[in-house]
Structures are given as C-alpha cells and as structure tokens.
Amino acid sequence: MTTTLTGDALATTRPEPFWLDSPDRPQPRPRLEGDVHCDLAVVGGGYCGLWTALRAKERHPERDVVLVEADRIGGAASGRNGGFCEASLTHGEANGRARWPAEADRLEELGLANLDEIEATLRRYGIDCDFRRTGVLNVATRPHEVDELRAGADGDRTVFLDSAAVRAEVASPTYLAGLWSKDTCATVDPARLAWGLAAAAERLGVRIVEGTSAERIRRSGGRIAVHTAHGTVHARQVALGTNAYRPLLRRLRLATVPVYDYALMTEPLTDEQLASIGWTHRQGLADCGNQFHYYRLTADNRILWGGYDAVYHYGRQVRASYDQRQKTFDLLARQFLATFPQLAGIRFSHQWGGAIDTCTRFCAFFGTAYGGRVAYALGFTGLGVGATRFGADVMLDLLAGEDSERTRLAMVRQRPLPFPPEPVAWLGIQLTRWSLARANARAGRRNPWLRLLDRLGLGFDS
Ligand SMILES: Cc1cc2nc3c(=O)[nH]c(=O)nc-3n(C[C@H](O)[C@H](O)[C@H](O)COP(=O)(O)OP(=O)(O)OC[C@H]3O[C@@H](n4cnc5c(N)ncnc54)[C@H](O)[C@@H]3O)c2cc1C
C-alpha cells in the first residue's frame with residue numbers, strides 16, 4: 001500500500017535543503033584571523049543575528065559591528081525553513097492570549113507592524129527573496145476542527161471558507177473548511193532572505209566572518225571577549241543569536257531543546273498539475289492539529305511540504321546526520337499524496353530537516369548577562385522567520401538599557417520554565433509526542449498527561 005502510493009517519488013531526491021542548493025549561494029566569507037575590536041559583536045549568522053547587526057547599524061550608523069558565524073550565513077534553520085514569515089510574535093495568537101491576556105492585542109499589533117517593517121526593509125535594500133504577502137490558509141481535515149476555524153473568522157481580513165469554498169481555492173478532497181488570514185503572513189525564499197540581509201548589513205559597514213565558532217565569552221578589561229579558534233573579538237557589547245545550538249551562557253543550557261522538523265520539495269509542477277489544484281492566490285497553507293503540515297508554492301511552482309513529525313534526539317544534540325530521516329520523508333510523501341491525489345506520479349527533488357529551538361512557552365524569550373553587556377534572544381520554536389526581527393530590536397533595547405514599550409512587555413520580562421535534564425527531558429518529550437499523536441487520532445481529545453501540561457502552561461496546541 002505504502003510503496004504503491006508513493007511509487008518512486010523519493011527515488012532521486014537530493015538530501016539537502018532546496019533553498020541552499022542554488023548557484024546564487026554566496027561564496028563563504030573568510031574566517032576570523034587575529035584580534036579585532038568593535039562596539040557590538042553578534043554571534044550567529046541566522047536571521048536573529050543578521051537582523052541584530054542590520055538594526056544596530058540602522059539605529060546607530062557609527063556603531064562598529066562584527067558578526068561571527070560558525071558555519072555559513074543562513075546555513076542552519078534560517079536557510080532551510082518553510083519560508084512562512086508570520087506576523088505572530090507568540091507562535092500563534094492563542095498561545096499569546098493564553099499566556100499574556102492583558103497584552104495580547106498589543107502583541108498582535110506589534111507583530112503586524114514588525115511584518116510591515118520587514119516588507120519595507122526588503123524594499124529599501126532591494127532584497128529579492130520572493131516575498132509575497134498572500135496570507136495563510138489554515139485547513140480543517142477532521143470534523144472537530146471546522147468549528148475551531150469558524151470561531152477564528154472576523155469576516156473581513158480573516159475569512160471562514162466552507163468545504164466548497166476552500167476546495168475552490170485549493171483542490172484537496174481532504175479539506176472540510178478553511179480560515180484564510182489575508183495579511184498576517186508572507187511567504188519568502190528563506191535562504192535568499194538570509195543572504196540579502198547579510199549583504200545589506202555589509203553595505204552598512206557590518207563586518208561578517210564565517211567558519212568561525214565562538215567558543216566562549218569572558219569579561220576582559222572593560223570589554224567582553226568572544227574567543228574563537230583563530231582570533232578574539234573584543235566588544236563593548238555582545239548579542240547572541242545562536243538558536244538551537246549549545247548556548248554560550250551556562251544559564252541557558254536547559255532553556256531550550258533542539259527538535260527536528262523535516263520537509264520535502266517537489267519537482268516544479270506542470271501547468272496542468274498546478275491547474276488541477278488551483279491555488280491561484282498562492283497562500284501559505286497549514287492543516288490543523290497538534291501535528292500539522294505546512295506547505296506552499298515556490299517561485300518556480302514546486303510545492304514545499306513539511307512538518308508533522310517533530311523529532312527529539314536524546315542529549316539535546318544538534319548534528320548534521322539528524323538532517324536526514326527516511327522514515328519521516330516516506331511518511332510525508334504518503335501524506336502529501338493523500339492530500340493531492342491528482343499529483344500521483346510526481347517526484348520530490350529535495351528532502352531535508354533542521355533543528356528548531358523549542359522552549360516551554362513556544363515563543364522567544366530574552367535576557368541579559370555580564371551586567372547588561374550581553375543580550376540573548378532564543379526559543380522561537382519554529383516560528384522565527386518574522387519574529388527574529390522583533391527579537392533583534394529587543395536585544396538592542398536591552399543592551400542600550402532602554403525602557404521601551406518592548407522591554408516593558410511581560411512577554412519580554414518573563415522567562416520560560418527550563419526543561420529538566422536528561423533522561424527526564426527525553427522521556428517527557430517522547431510521552432508528549434505519543435500523546436499528541438493520540439489526540440490527533442481521537443478528535444483532539446487530550447489525555448491526562450497533556451491536560452497536566454496544559455494546567456502547567458506547558459501544553460502545545462497549535
Ligand atoms: C525545517 C524547518 C522549517 C521551519 N519553518 C518555519 C517557517 O515556515 N516559518 C517560521 O517562522 N519559522 C520556521 N522555522 C524556524 C525558523 O527557521 C527559525 O526560528 C529561525 O530561522 C531562527 O533564526 P536564528 O537566527 O535564531 O537561528 P539559525 O538560523 O539557526 O541561526 C543560528 C546561527 O548561529 C550559528 N551559531 C550557533 N552557535 C554559534 C557559535 N558558538 N559561534 C558562532 N556561530 C554560532 C549557527 O551556525 C547558525 O547559523 C523552521 C525551522 C526549520 C528547521
């Protein structure tokens with residue numbers, strides 16, 4: 001059944017992120033050799049670090065900024081994600097409303113403003129990353145999800161679509177209803193966004209080194225020294241955008257866990273194949289449920305299909321070998337063809353995975369160390385394409401000691417509960433995954449473990 005359904009759809013698939021497999025990928029920049037001095041050192045060349053470097057120069061052009069990337073710019077999550085650039089700063093409105101009801105409306109406004117500013121920045125610097133503000137269409141594929149979607153409609157910018165209407169937008173026999181949020185999401189080519197931000201930052205004078213891992217940070221005289229294998233950055237201040245990787249601050253070691261998310265990319269659809277689906281508004285799509293798929297079209301009419309499985313490896317490890325997981329790719333291919341049976345026979349060109357920095361509140365948290373000279377933002381939990389820009393501004397506010405609207409937010413001041421050490425973390429995460437899969441299969445009914453997590457504010461419900 002399995003083999004018949006997917007045929008040889010995965011027979012010639014390349015084991016690498018589609019977005020990074022491009023002739024336009026910039027050559028690596030040289031590594032750091034020797035000692036340099038600067039006002040601000042940024043560690044991490046994903047969106048979080050890149051936005052921090054760019055915003056630092058925009059806010060204070062005279063500031064001397066050095067960005068240190070262990071591997072390649074955009075080589076980690078920022079160059080391999082689904083490219084859903086969402087307004088939400090809180091991993092969805094429901095999560096924000098449950099945790100910070102008093103400021104939830106303002107967080108939504110700040111998120112929309114952040115997305116507007118991303119759009120304006122791309123225009124300002126001429127960053128061509130196929131940014132399309134087509135919104136996101138959430139689809140119900142199980143009866144109990146229909147009313148949840150209906151309740152989310154506001155009749156204007158967020159529109160409920162019944163079964164016929166949603167299938168008229170995008171033709172899948174599995175759709176029972178849809179909720180199209182028209183301006184809260186854009187799709188981007190994620191790698192081009194990272195490369196474009198790096199180039200823009202350099203044009204403003206930021207110095208970027210690649211292949212340079214920050215091994216430790218220490219106080220050194222009046223400065224903070226960022227030590228690397230071949231040199232040291234002596235900075236007045238440091239911003240850490242290291243995402244799911246081993247944090248440089250000991251206090252953050254239990255704050256996040258790397259959870260692996262996987263995606264497939266099809267070959268470009270023919271005009272007939274695309275016509276068989278419709279999808280003329282090119283929205284980002286996601287189904288409901290705790291284990292959900294996200295999917296979208298690319299500029300050359302491929303479909304990226306990702307999500308569902310979230311895999312945690314014992315010991316909080318981030319390893320290149322985890323980027324490939326055939327079991328998950330087979331499952332994703334089967335689920336894809338069940339959603340779009342009219343595409344039977346299609347092949348997937350690329351398969352890959354990447355680590356998501358999951359924290360117990362499912363959205364970014366912030367803080368400082370070394371007497372306010374070092375700031376960090378992490379824990380974006382799978383929704384960081386847009387929110388990292390906001391995180392960058394929070395870090396810069398914190399480093400400036402500014403009493404801003406951002407730094408007054410409870411969302412910024414509060415920190416999430418840490419995960420327990422191993423083996424409890426691994427056991428707890430496996431039990432949660434198993435329980436979420438059961439809830440998905442049982443009309444969303446949550447078992448006692450999930451209800452306990454919900455009571456503690458630790459329950460994940462997309
Ligand atoms: C498969 C997948 C799909 C996703 N889909 C979406 C999506 O559609 N929408 C969305 O909003 N989010 C999505 N995400 C999440 C999103 O990609 C991340 O939230 C975002 O990219 C985080 O950016 P970042 O800069 O914090 O992290 P990263 O991009 O991981 O960058 C961190 C960088 O820091 C570097 N680094 C770490 N430690 C050091 C050190 N000691 N010294 C020097 N450099 C260091 C790393 O090499 C890395 O390049 C997805 C993630 C994955 C993996």
Side-chain angles (χ1 to χ4, degrees), residues 17-19 31-32 41-53 67-89 91-92 115 118 136 185-188 190-191 193-194 197-198 208-217 226-229 233 238-249 256 258-265 284-286 294-296 304-311 318 320 322-323 328 332 351-359 363-364 376-389 391-392 395:
F18 166 77
W19 311 110
R31 70 184 187 191
L32 178 71
V42 178
V43 182
Y47 303 136
C48 192
L50 291 166
W51 277 116
T52 306
L67 185 148
V68 177
E69 164 54 43
D71 187 16
R72 302 280 299 275
I73 292 295
S78 298
R80 60 182 61 223
N81 62 69
F84 284 60
C85 188
E86 297 244 16
S88 178
L89 305 173
H91 207 293
L115 182 56
I118 290 173
V136 63
C185 181
T187 53
V188 295
L193 172 58
L197 289 174
I208 298 180
V209 289
E210 293 181 67
T212 304
S213 176
E215 280 156 14
R216 58 186 192 284
I217 50 178
V226 179
H227 294 282
T228 78
V233 185
V238 176
L240 301 174
T242 55
N243 195 31
Y245 293 83
R246 187 180 160 80
L248 288 163
L249 298 174
T256 61
V259 172
Y260 274 77
D261 184 30
Y262 295 92
L264 294 175
M265 186 69 89
L285 273 140
Y294 53 87
Y295 42 118
R296 44 81 52 100
L304 178 149
W305 174 262
Y308 196 80
D309 253 355
V311 179
V318 176
Y322 295 157
D323 293 350
T328 295
L332 282 173
Q351 59 182 37
W352 72 93
I356 279 173
D357 61 333
T358 304
C359 69
C363 61
Y376 57 84
L378 68 161
F380 292 93
T381 317
L383 209 68
V385 175
T388 41
R389 183 188 178 280
M395 283 203 280

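For clarity, every value in this text was computed on a predicted model and none was experimentally measured. First listed ligand is number 1; within each ligand, the first listed atom is number 1. Positions are given from 1 along the sequence.
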With a 4.0 angstrom cut-off on heavy atoms, strictly below it, pick out the residues next to ligand 1 and order them by chain and number.
Val43, Gly44, Gly45, Gly46, Tyr47, Cys48, Val68, Glu69, Ala70, Ala76, Ala77, Ser78, Arg80, Asn81, Gly82, Gly83, Phe84, Thr212, Ser213, Ala214, Gly241, Thr242, Asn243, Tyr245, Asp261, Tyr294, Gly354, Ala355, Ile356, Phe380, Gly382, Leu383, Gly384, Val385, Thr388
Hey, can you tell me if Tyr260 and Tyr322 have their rings parallel, tilted or perpendicular (30° and 60° cut-offs)?
perpendicular
Taking Phe84's backbone N and O only, do any of them form a donor-acceptor pair with Arg296's side chain (distance below 3.5 Å, no angle check)?
no
Side chain to side chain contact (heavy atoms under 4.5 Å, CB included) between Arg80 and Asp323, intermediate numbers included
CA-CA 10 Å; Arg80 60 182 61 223; Asp323 293 350; 3.2 Å; yes
Below 4.5 Å, heavy atoms only, C-beta onward: do Val42 and Leu50 meet side chain to side chain?
no
Could you tell me if the side chain of Cys363 sits less than 4.5 Å from the side chain of Leu383, heavy atoms only?
no
Give a yes or no on whether the backbone of Gly391 and the side-chain of Trp51 come within a donor-acceptor separation of less than 3.5 Å.
no
